[in-house]
Amino acid sequence: MYTLILGLRSLLFRKRQYTSLLLVCLVGVGISLFSIFLIRGMLFSLEAKARIYYGGDYQFIGGVNSLDFADASPFIEKLRPVFGEEAVIAPRFDFDADNAAFFFEGASARQRVIKGVDFETESALFKEFNYIGGSSDDMAHSNGILLSEPIAERLGIVAGDEMTLMIRTVQGYINTVPLIVKGVFRDSSLFGMYTSYMDIDCLRSAYGVSATYANRIAVDLGKTKGEGLEKYHEKLSSIFKMYRIVDDKKIFYNDLLGGKFSEPTYAVIDLSANMDELRVLISAMEGISAAIIITLIVIIIAGIGSTYRVLIMKRINEIGIYMAIGMKKSAIMLSILAESLFLLLAGCVSGLLFSLLLCLIAHLVNFSFIPAFDIFLMNSHLVPIFDAKATALISLSVIALTLIAVVVSTRKIVRVMPVKALSTTE
């Protein structure tokens, strides 16, 4: 215990000498944690947008040579026991909007995809949208539509206005449908800008397919973690002819659309497989974060370890006095380690507070001016997320590795003979 007290008193007595080391630890740990919190928040925002776009955690798709459920209801009933009663399971109709356009008072706009949604079943999911006007409350069984803010601005339209959808039907005819803008949501990302949402019954009628048609079945587990993809796939294989688990949905699409199936074959696609196009971007972000953290930790270890060697050499007379009055070399070493431990603890705590300050500053900035960056934003702002596990791991790594560096750099100095230590001039 006395070595801890001695180390703390020594640190407080020489606080000016150790200020620079504290700052090195503070900045290194702070920026490392900030990068983790920031990227975790960006990926959370990305996943939140993807969950709405794809309908939750899983999509059940398949057919013979196209994505097709002539009647989705029997499939949903068979899926319910597999995913559990708490899961939200709903049909979806994703319509490729190449042959469709919106018109309003002389202005026009095209979409990449129009999604037909069962808003009665998926109401909770669409409450997560950031609406700048209207909402999804009255979308079920209506001719309403949800538009992204950029498309609404292009059309000069607001919630409550009526516009026209021109669509080529499955029979090849041109059909015009009046739609009421029920809501405008703030999203200019890859998942939002060129995507609109309609009631599935309205879209079915406009396109000219049956009232039970769907080309996807979305499964949202909500807050429950579920049993995992492999377990679900195993259960589904006892009911349907299932395709193998894939980490990229295009693998299944290529075989299905290429006519390789002679009978209906189905696949369960999780959120990560749906976002395969973004995997390179996600990996790059995680790689950059890891590189920043490793570089900063190395700077902390090397900086504090080498500086401690210089500081201890300047205190060689003090060490000689300790040895002369009978203090063991191991106790002297422990007091030095205690001193550096308190320094590192103070640096890590200060670094955490510094990272939280950086997170607050980043959250206050509106980043909507950056093109395509909205995919990582919530309401045009970054939302860093605190990660207790990462905080503990980085702090422990910094403390443990730096203490090892201090031991390596100072053990030879502590082992000098008392006479030599006392006779050495600083």
Side-chain angles (χ1 to χ4, degrees), residues 49 52-55 59 66-70 72 90-123 125-127 129-218 374:
K49 295 176 188 298
I52 296 174
Y53 186 85
Y54 292 111
Q59 281 194 338
S66 63
L67 299 176
D68 184 23
F69 297 102
R92 281 205 172 190
F93 176 20
D94 282 15
F95 175 71
D96 186 343
D98 286 345
N99 294 319
F102 296 141
F103 295 92
F104 178 74
E105 295 185 353
S108 64
R110 288 188 175 273
Q111 295 285 268
R112 186 170 59 87
V113 61
I114 300 175
K115 288 181 172 283
V117 178
D118 182 348
F119 282 95
E120 192 170 26
T121 304
E122 297 192 65
S123 59
L125 192 64
F126 281 85
K127 291 185 184 301
F129 260 144
N130 177 33
Y131 295 98
I132 62 172
S135 69
S136 62
D137 292 345
D138 300 322
M139 284 291 295
H141 311 297
S142 75
N143 67 330
I145 189 166
L146 302 178
L147 297 177
S148 68
E149 182 182 18
I151 295 301
E153 290 178 349
R154 183 177 301 179
L155 291 170
I157 201 168
V158 296
D161 288 341
E162 180 178 305
M163 68 178 192
T164 301
L165 166 65
M166 186 179 73
I167 185 173
R168 186 175 294 276
T169 67
V170 68
Q171 295 84 10
Y173 302 114
I174 297 295
N175 189 16
T176 56
V177 181
L179 299 177
I180 304 295
V181 180
K182 295 286 187 179
V184 177
F185 56 90
R186 174 163 287 160
D187 192 350
S188 60
S189 73
L190 144 70
F191 293 130
M193 182 170 180
Y194 294 105
T195 303
S196 301
Y197 299 86
M198 291 176 57
D199 177 72
I200 190 170
D201 293 330
C202 183
L203 183 57
R204 286 164 172 164
S205 176
Y207 187 55
V209 293
S210 70
T212 58
Y213 176 81
N215 54 19
R216 287 162 176 79
I217 296 176
D374 192 64

Kindly indicate whether the side chain of Met193, heavy atoms from C-beta on, has any atom under 4.5 Å from the side chain of Arg154. yes
Look at the side chain of Arg110 and the backbone N and O of Asp98, then say whether any donor-acceptor pair between them is shorter than 3.5 Å. yes
Does Ser142 use its side chain to pair, donor to acceptor, with the backbone of Gly144 at less than 3.5 Å? yes
N-O pairing of Lys127 and Asp137 below 4.0 Å: yes
Quick one: does Asp118's side chain have a donor or acceptor within less than 3.5 Å of a partner on Pro91's backbone? no
Is Thr212 reaching over with its side chain to a backbone N or O of Ala70, donor-acceptor style, under 3.5 angstrom? yes
Keeping the roles fixed (side chain from Asn175, backbone from Ala206), state whether a donor-acceptor pair exists under 3.5 Å. yes
Between Arg92 (side chain) and Lys115 (backbone), is there a donor-acceptor pair under 3.5 Å? no
Check the orientation of Tyr54 and Phe191. Use parallel for under 30°, tilted for 30 to 60°, and perpendicular for over 60°. perpendicular
Mind listing the closest non-hydrogen atom pair of Ile151 and Ala109 along with its distance? CG2-CB, 4.1 Å
Side-chain donor/acceptor of Glu122 to backbone N/O of Ala90, under 3.5 Å: no
Plane angle bin for Phe129 and Phe185 - parallel if under 30°, tilted between 30 and 60°, otherwise perpendicular: parallel
Tell me whether Asn143 contacts the main-chain N or O of Val177 through its side chain, where contact means a donor paired with an acceptor under 3.5 Å. no
Under 6.0 Å from the CD atom of Glu162, do we count more than 12 heavy atoms belonging to anything else shown? yes
Only one of Leu67, Asn215, Ile114 forms a side chain to side chain contact (heavy atoms under 4.5 Å, CB included) with Asp94, so which one is it? Asn215
Is a side-chain donor or acceptor of Lys182 paired with a backbone partner of Gly134 at a separation under 3.5 angstrom? no
